[in-house]
Amino acid sequence: MACLTVLLVLVVLVLTVHAVYDHGDYHDGSSDTILANLGLSGSDSQPPSQYAADFLRDVVPIACHSHNDYWRKVPLFTALHAGCIGTEADVWLVDDDLYVGHDQSALTPNRTLQSLYLDPLMDILERANPSTNASSGISTTPRGVFDMSPNQTLSLLIDVKTDGAATFRKVLEQVEPLRQRGWLSTFDNGKVQLGPITLVGSGNTPFHVVIENSTYRYAFFDAPLDQLEDSMYNSTNSYYSSVGLRQALGIVWFGWFRNSQIERMSEQLQQAHERGLKARYWSLPSWPVQVRDAVWGTLIYEGVDLLNVDDVEAAAHADWTKKKSN
Ligand SMILES: *[C@@H]1O[C@H](CO)[C@@H](O)[C@H](O)[C@H]1NC(C)=O
Ligand SMILES: *[C@@H]1O[C@H](CO)[C@@H](O)[C@H](O)[C@H]1NC(C)=O
Ligand SMILES: *[C@@H]1O[C@H](CO)[C@@H](O)[C@H](O)[C@H]1NC(C)=O
Ligand SMILES: *[C@@H]1O[C@H](CO)[C@@H](O)[C@H](O)[C@H]1NC(C)=O
Ligand SMILES: *[C@@H]1O[C@H](CO)[C@@H](O)[C@H](O)[C@H]1NC(C)=O
C-alpha cells in the first residue's frame, strides 16, 4: 500500500514537471500554435512546406546550436524557427537505414534522418531556390534556409551512435541529393566553400573517413576543442570544435567561472579561431535558469561561436550582443 502511494505521488510529480516543461516550451503566441499543430498531422511528420516557408520568413538567425531537438515533435522546424544556425541529430544505423533518437530503444520507424531532417531541408531549399534545376548545374550562390540571411549556413551535426565508418558512409550516401544540387558546404581544390548546409560528423564519426578524399569533401569533422594544439584539425577538414564544458574547464560552480577557467577557455577559443573552427561547449547546465544564463553570458562574452542549447526559445530571447572587444 505504502509502495503504491509512493508510486502514485511519483507519477503525479512526473506529470506535473512534464506539463510545466511543455508549457515552457510553447509559450508565445501564434508560431507556437503552429508548431504544436504540426506535430498532430498524422505521423511525426513535417509541416506542409509552404507553411514552413511562411513561418520561417522573419526568423533572425542566432548563434545557437539546438541540441536534443529530436525530443520535440518537429525537431528541425523548432530549431529553425528559433533561429538556431546549428542543429543536431543522434543517428543510429539499423537494418541499413538511419534512425534518429537519443537511445536505441527510442527508435521508431517513422523517425529517420531522411524523414526528420534531409527531406524537409531539401524541401525548404527547393522553395528558396526555385530557378536552379538539377540539369542546368549551379550558377548562382544558392540561398540558405534563412530568408533574412540567405548566405547563412546551417550546420547539421550528425552524432554517430553506431559503428562509425559504416554509419557515416550511410550518411554520406543519404545526403547525395543535397550535394548534387550544390547545397552542401565543400572543400574542393584547396578551398572551403560554405553552402546552405554544412554537414558535420561527431560522436563515433572516424576522422579518417572524413579526410579520406584529400581533394574533395562535403562533410567536416567536429574536432576536440581541448586537443587542438599540434593537431591536424583546421577548416579544410573540420567545422566545429567542441568539448564538454566540465571536461574542458572543470566544474563551474553556480555559473561563476574562475580566472583560471577563463584563461583556459581563451586559449581554447584562440586555438579554434586560428584554425578557422567554430568553438562550442556542450553539456552546459540547464537548471536553475539563473545559472544557465550566467554560463551563457560568459561564453558569449568570451567569444564562443555557438551556444549549445536545449531550450531554443530561451536562446532566441538571450542577449547575443555582449562580447568583449579584442
Ligand atoms: C509510420 O509510417 C508508416 C509508413 O512508413 C505509416 O503507414 C504509418 O501510419 C506511420 N505511423 C505513424 C504513427 O505515423
Ligand atoms: C533546367 O535546365 C535545363 C538546361 O539548362 C533546361 O533545358 C530546362 O528547361 C530547365 N528546366 C526547368 C524546369 O527550368
Ligand atoms: C551572398 O554571397 C554572395 C556571393 O558570395 C554575394 O554576392 C551576395 O551579395 C551575398 N548576399 C548577401 C545578402 O550577403
Ligand atoms: C575525390 O573526389 C573526387 C570528386 O568526387 C573524385 O574525382 C576523386 O576520384 C576522389 N578521390 C579519391 C582518392 O577518392
Ligand atoms: C590543414 O590541415 C592539413 C592536415 O594537417 C594540412 O595538410 C593543411 O595544410 C592545413 N591547411 C591549412 C589551410 O592550414
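Just so you know, residue 1 is the first one in the sequence shown, and it goes up from there. Read the numbers this way: they start at 1 and go in the same order the structure lists the ligands and their atoms.
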Report summary line: Here the atoms of ligand 4 under 4.0 Å from any heavy atom belonging to N213 are 1 (C), 2 (O), 3 (C), 8 (C), 10 (C), 11 (N), 12 (C), 14 (O)

Query raised in the report: Do you know which of R264, Q271, Q247, Q268 makes side-chain hydrogen bond (donor to acceptor under 3.5 Å, both in side chains) with D226?
Result: Q247

Report task. Would you check if there is a donor-acceptor pair between the side chains of Y240 and S202 at a distance under 3.5 Å? Result -> no

Requested in this report: Report, as yes or no, whether the 6.0 Å neighbourhood of atom CD on E229 holds more than 12 heavy atoms from other residues, nucleotides or ligands.
Outcome: no

Query raised in the report: Under the 3.5 angstrom rule, does the side chain of Q290 hit a backbone N or O of F254 as a donor-acceptor pair?
Result: no

Query raised in the report: Okay, side chain of S286, backbone of R292: is any donor-acceptor separation there less than 3.5 Å?
Result: no

Which N or O atoms of ligand 3 sit under 3.5 Å from a protein N or O, and how far apart is each pair?
{"from": "ligand 3", "atom 1": "2 (O)", "to": "N151", "atom 2": "OD1", "distance (Å)": "3.4"}
{"from": "ligand 3", "atom 1": "2 (O)", "to": "N151", "atom 2": "ND2", "distance (Å)": "2.3"}
{"from": "ligand 3", "atom 1": "11 (N)", "to": "N151", "atom 2": "ND2", "distance (Å)": "3.0"}
{"from": "ligand 3", "atom 1": "14 (O)", "to": "N151", "atom 2": "ND2", "distance (Å)": "3.4"}

Requested in this report: Could you grab the distance from atom CG of L121 to atom CG of L178, nearest 0.5 Å is fine?
Outcome: 6.5 Å

Report task. Using the salt bridge (Lys or Arg N to Asp or Glu O under 4.0 Å) rule, collect all pairs that involve residues 190-203, keeping only residues at least two apart or in two chains. Result -> none

Query raised in the report: Would you say ligand 5 has an N or O under 3.5 Å from any N or O of T236?
Result: no

